[in-house]
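Chain A is the first sequence line, chain B the second, and so forth, proteins listed ahead of strands; every chain is numbered from 1.
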Amino acid sequence: MILWFYVQYRVSGPILTVLAICQRLWQERAIMTGRVIKKHKGYMKMEERYNPGQIESKWQRYWEESNAFLVEEEAGRKKYYLLEMFPYPSGNIHIGHVRNYTIGDVLARYKKMQGFNVLHPMGWDAFGMPAENAAIANNTHPAAWTYANIDNMRSQLKQLGLSYDWGREIATCRPEYYRWEQWLFIKMLEKGMAYRKESYVNWCEDCLTVLANEQVEAGMCWRCGKPVIQKKLWQWFFRITDYAEDLLVHCDQLPGWPEKVTSMQKNWIGKSVGAEIRFRVADSEDVISVFTTRQDTVFGATFMCLAPEHPLVPRLAEGTAQEASVTAFVEKMSQQDRSGKAVDQYEKEGVFTGAFCINPMNGRRMPIYTANFALMEYGTGAVMSVPAHDQRDFDFAKKYDLDIIVVIQPEGETLTSDMLEEAYTGEGVLVNSGPFDGTGNRKALDDIALHMEKEGIGKKTVSYRLRDWGISRQRYWGAPIPVIHCPACGIVPVPESDLPIVLPEEAGLLEGGRSPLPELDAFKQTTCPVCGSKNARRETDTMDTFVESSWYFERYCSPRCDTGMFDPSAVEYWMPVDQYIGGVEHAILHLLYSRYFTRVLKELGLVSFKEPFSRLLTQGMVTKESVSCPTHGYLFPSESEKSDDGHRCLKCGREVTVGRVEKMSKSKKNVVDPNELLEQYGADTTRLFSLFAAPPERDLEWSETGVEGGFRFLNRIWRLAYGWMDRIGTAAPFDGEPDSLSGDIRDLNRKVHQTIHKVTTDIEERYHFNTAISAVMELVNAMYGIDPKAGAPETAGVCRFAMESVVLLLSPFVPHFCEELWETLGKPEGIHNMAWPTYREEALEKDELLIVVQVNGKLRSRFSVATDADDEQIKQMALADERAKPFIGDKPIKKVILVKRKLVNIVV
RNA sequence: GCGAGAGUGGCGGAAUUGGUAGACGCACUGGACUUAGGAUCCAGCUCUGGCGACAGAGUGGGAGUUCAAAUCUCCCCUCUCGCACCA
């Protein structure tokens with residue numbers, strides 16, 4: 001009621017509001033006494049004013065009570081699985097969620113009206129760090145915080161009127177869900193798809209905890225500010241690299257995916273074709289294996305670089321004069337962020353290990369360095385450096401005064417090392433390359449690889465940039481990894497019958513974000529399932545949350561299945577997802593992991609397909625300026641204030657810096673809460689506005705300017721309907737030949753058909769909801785000039801056709817509003833079950849063509865012509881055009897270009 | 001740094017296949033209705049010059065292809081996303 005009052009006040013001002021209150025009280029009395037809701041001339045009595053609050057709760061209740069969106073498999077009926085990326089339950093939905101889920105809802109409702117059996121589920125990606133952080137900050141349990149957030153966000157989503165099958169809701173933090181993930185892990189372990197190896201984590205010595213990359217700020221711990229070091233731990237991995245080639249090849253077989261996504265995935269997998277070459281370490285049994293794509297330059301290799309983490313580094317330096325400096329360098333590197341993006345930004349540096357290796361092609365002694373740009377994760381962790389033909393190696397050689405030998409010369413030129421200002425990376429002919437001198441370098445790639453293969457020095461090989469997926473997390477709020485470490489039997493999988501390994505909820509979090517699991521004896525101490533040893537201990541690492549989101553779309557098909565991950569027949573019916581929608585920021589990791597997981601499921605015989613998502617729509621980010629205060633860090637919009645005095649923090653009064661425009665995120669505090677919009681204008685206006693503001697794939701810098709326009713548009717339709725109701729009377733919607741109409745009413749009929757055409761293709765082919773909405777706006781503008789009772793006898797019928805079409809076309813966008821109007825039009829309730837309107841091809845035809853006249857490509861005139869005019873006639877009319885003539889003058893006409901039914905360009 | 005994308009009036013955007021740049025909406029201006037208006041209806045609204053008819057310029061900047069370029073090609077600038085432990 002308060003909301004209603006507020007809207008009234010906004011719309012009508014004070015005096016009419018008082019009148020409206022009286023009217024409303026009268027109506028409510030009438031409703032209570034049952035006198036209002038009855039048929040009136042074939043349609044329902046209509047409220048004069050659009051009242052979103054009342055309408056929206058009415059229809060949301062109706063959808064819920066009539067189970068409007070619950071679905072099940074129906075053999076023989078065409079299905080459509082529409083999925084939006086499920087949210088992390090961070091607390092409140094933000095405007096980015098509204099955008100994502102509204103886009104999905106439009107498509108789901110549209111497909112339903114097209115006759116599909118539409119699966120449209122929703123759930124929660126509920127494990128993750130923010131719950132732990134919130135638990136520490138508020139002294140609660142991550143589970144309590146997460147479930148409270150889920151309840152809150154579910155009711156917010158329901159307020160938006162989204163057509164979800166809520167009977168299929170899942171939360172990944174529930175044992176019923178992660179039980180099957182643990183089951184799958186064990187299967188993968190049995191198949192060798194999961195394995196353990198040592199790798200590095202960010203470690204804070206002070207908090208004694210592992211840090212996520214996000215928790216490292218400029219090399220320091222975000223909690224205590226102490227330096228972060230790299231610590232080696234035994235961790236679990238999935239062998240995604242086994243599928244590198246398959247994932248890569250199928251990027252080109254995903255026609256429903258945006259090319260930018262497949263292209264990013266291809267680059268991420270990063271296939272390189274080259275050779276592996278073995279370099280013997282001088283005076284030692286050791287061999288260094290390198291991967292290179294430039295084996296044609298092997299004669300120019302003058303030194304070797306090993307990653308600081310390379311196992312040979314300490315051994316090579318041992319006992320040499322360089323040992324101390326090598327140890328110091330390795331130590332220094334272990335303090336640094338070694339991620340790809342960081343390494344690329346450091347200045348290249350390295351130290352000599354004191355050892356040499358032998359170039360197998362020419363016997364050259366090459367000094368072995370350890371260098372910061374060599375990555376243990378890529379290739380073999382060793383780089384054969386050819387300074388003459390690689391810029392990075394060139395810079396390094398100049399810095400440390402190392403030899404440079406030219407081995408490729410541009411055709412017909414002589415190039416020597418002292419001529420080089422920078423590396424020569426172009427094509428050419430081999431020199432200084434023994435038997436290969438004079439060979440083109442392209443051909444030499446093959447020749448040298450073959451030669452090495454014959455001599456046992458190396459071989460052709462392929463390398464990928466993609467690395468195996470590390471899934472171990474030393475965290476509490478995640479799915480426990482179901483293995484047992486037994487001192488006698490080693491790694492033992494938890495028997496299937498013991499699943500799920502439930503995360504012990506009684507555990508509180510330890511200070512500093514450290515996982516309590518390793519210190520919780522009740523969890524950790526267990527019996528070995530193989531030998532019965534009492535000294536066995538449970539794995540205390542939990543799984544990366546990306547694991548949960550890599551198969552949830554399959555779980556939705558049979559979310560309550562308790563005999564397996566899913567019911568195979570349900571998955572065969574619903575999968576693959578026909579349309580997946582989510583933020584472009586997931587273009588690589590989540591989507592690649594999901595593709596990988598589906599391949600694993602196929603390999604295990606659980607599904608019959610390997611690509612989970614047929615079509616993908618990557619929605620652009622909703623961005624906003626972030627605001628940060630020198631003392632308080634990032635601020636919520638409500639925590640700072642702009643005045644003449646400047647933009648200040650409300651907590652401390654200091655001047656804030658208005659940051660970059662960034663993706664909305666809770667950590668940046670630049671989120672926009674849709675609640676105010678919902679309260680002020682209702683769900684339909686909020687939905688309409690988020691769709692109208694920009695096409696889905698485009699980034700959207702948030703601004704509320706324009707939201708009034710959407711609300712006005714709905715009011716405008718409401719008023720039109722209210723004014724037309726009596727005047728249309730009981731006329732049936734016009735469905736006759738367009739030729740039986742003339743004048744305004746003929747134009748309106750054409751406009752309706754054109755609008756149906758435009759809205760349908762915009763939704764179906766382009767997802768351009770903004771232009772679909774503006775097409776309906778144009779139609780409504782055209783309807784405003786028409787009186788259904790005046791003119792030809794067909795007028796009322798055309799008007800009813802127009803009005804019903806507007807309501808049907810808008811129903812996926814503003815469903816509550818359209819349900820209400822549909823009922824008012826005297827239609828059976830449930831517009832979501834109606835068929836999508838269709839247009840007639842012959843009704844789209846215009847009566848006249850507009851021809852544009854250009855002279856030398858510049859617009860000079862235009863004229864109308866009958867649709868059946870032939871090209872020659874149009875040409876003559878253009879040449880005779882009075883407004884074009886002065887620009888032709890007496891200059892000779894060189895050429896006349898005619899674009900059929902559109903344009904004439906006269907070239908003089 | 002590497003990979004991917006984007007840039008059009010005061011603002012959000014439109015122009016679907018190289019063929020009328022600025023649809024639709026916001027903001028703004030003027031008018032009508034009105035006791036009143038932050039409601040509604042009608043009209044105007046890229047910039048420069050001109051009373052006007054009209055003319056010239058114009059899609060981040062620069063070059064090019066073409067009868068014709070927001071759209072294609074090359075170079076440059078700016079912004080956004082991802083970079084493997086945020087989700």
Figure out the [atom1]/[atom2] separation between [X] and [N], and round it to whole Å.
| X | N | atom1 | atom2 | value |
| --- | --- | --- | --- | --- |
| A:I786 | B:C41 | CD1 | C1' | 16 Å |
| A:E132 | B:C86 | CD | P | 13 Å |
| A:I588 | B:C81 | CD1 | P | 14 Å |
| A:Q215 | B:C86 | CD | C1' | 9 Å |
| A:K232 | B:C85 | NZ | P | 18 Å |
| A:L617 | B:G5 | CG | P | 16 Å |
| A:M621 | B:C86 | CE | C1' | 14 Å |
| A:F127 | B:C85 | CZ | P | 18 Å |

For the side chain of A:P695, counting heavy atoms from C-beta on, which of B:A4, B:G13, B:A84 is nearest? B:G13
Nucleotide nearest A:E585 (side chain, heavy atoms from C-beta), chosen from B:G82, B:U8, B:C86: B:G82
Classify the nucleic acid contact of [X] as base, sugar-phosphate or nothing, counting any heavy atom under 4.0 Å across all strands shown.
| X | result |
| --- | --- |
| A:E697 | nothing |
| A:Q235 | base |
| A:H586 | base |
| A:F546 | base |
| A:W268 | base |
| A:P87 | nothing |
| A:A693 | sugar-phosphate |
| A:V201 | base |

Can you name the closest pair of heavy atoms from A:R239 and A:D468 and give their distance? CA-OD1, 3.2 Å
Please give the nucleotide sitting opposite [N] as a Watson-Crick or G-U wobble pair, both distances under 3.5 Å, or none.
| N | result |
| --- | --- |
| B:A14 | none |
| B:U40 | B:A32 |
| B:G49 | B:C54 |
| B:C2 | B:G82 |
| B:U71 | none |
| B:G7 | B:C77 |

Step by step, would you call A:Q235 with A:D541 a side chain to side chain donor-acceptor pair (under 3.5 Å)? CA-CA 8 Å; A:Q235 307 201 70; A:D541 281 357; over 6 Å; no
Residue whose nearest RNA chain B nucleotide is more 5′ - A:Y784 or A:E259: A:E259
By nearest nucleotide on RNA chain B, pick out whichever of A:K895 and A:A694 is the more 5' one. A:A694
Between A:R901 and A:D871 (salt bridge meaning N to carboxylate O under 4.0 Å), is one present in this structure? no
Are A:E778 and A:K751 ion-paired here, with the side-chain N under 4.0 Å from a carboxylate O? yes
Scoring nucleotides 54-60 of chain B by protein non-hydrogen atoms under 4.0 Å (B base, S sugar-phosphate only, - none) yields -SSS---
One character per nucleotide, please: for nucleotides 15-25 of chain B, 5' to 3', B when the base has a protein heavy atom closer than 4.0 Å, S when only the sugar-phosphate does, - otherwise. SB--BBS-BBS
Please report the distance separating the [atom1] of [N] from the corresponding atom of [M], rounded so that it comes out in whole Å.
| N | M | atom1 | answer |
| --- | --- | --- | --- |
| B:G30 | B:A21 | C1' | 27 Å |
| B:G9 | B:C42 | C1' | 23 Å |
| B:G58 | B:C79 | C1' | 22 Å |
| B:A6 | B:G60 | P | 13 Å |

With a 6.0 Å cut-off on ring centres, are [X] and [Y] close enough?
| X | Y | answer |
| --- | --- | --- |
| A:F396 | A:F373 | yes |
| A:F692 | A:F769 | no |
| A:Y593 | A:W469 | yes |
| A:Y177 | A:W551 | yes |
| A:W477 | A:F127 | yes |

Within 6.0 Å of CD in A:E198, more than 12 heavy atoms from elsewhere: yes
Does A:K858 NZ have over 12 foreign heavy atoms under 6.0 Å away? no
Quick one: which of A:Y681, A:F813, A:W702 gives a ring pair (Phe, Tyr, Trp, His ring centres under 6.0 Å) with A:F689? A:W702
State the syn/anti category of B:G9 according to its glycosidic angle, syn meaning within 90° of 0. syn
Just to confirm, is there a sub-4.0 Å distance from OP1 or OP2 of B:G5 to any side-chain nitrogen or oxygen of A:K260? no
Phosphate contact (B:U80 OP1 or OP2) by A:T623 side-chain N/O below 4.0 Å: no
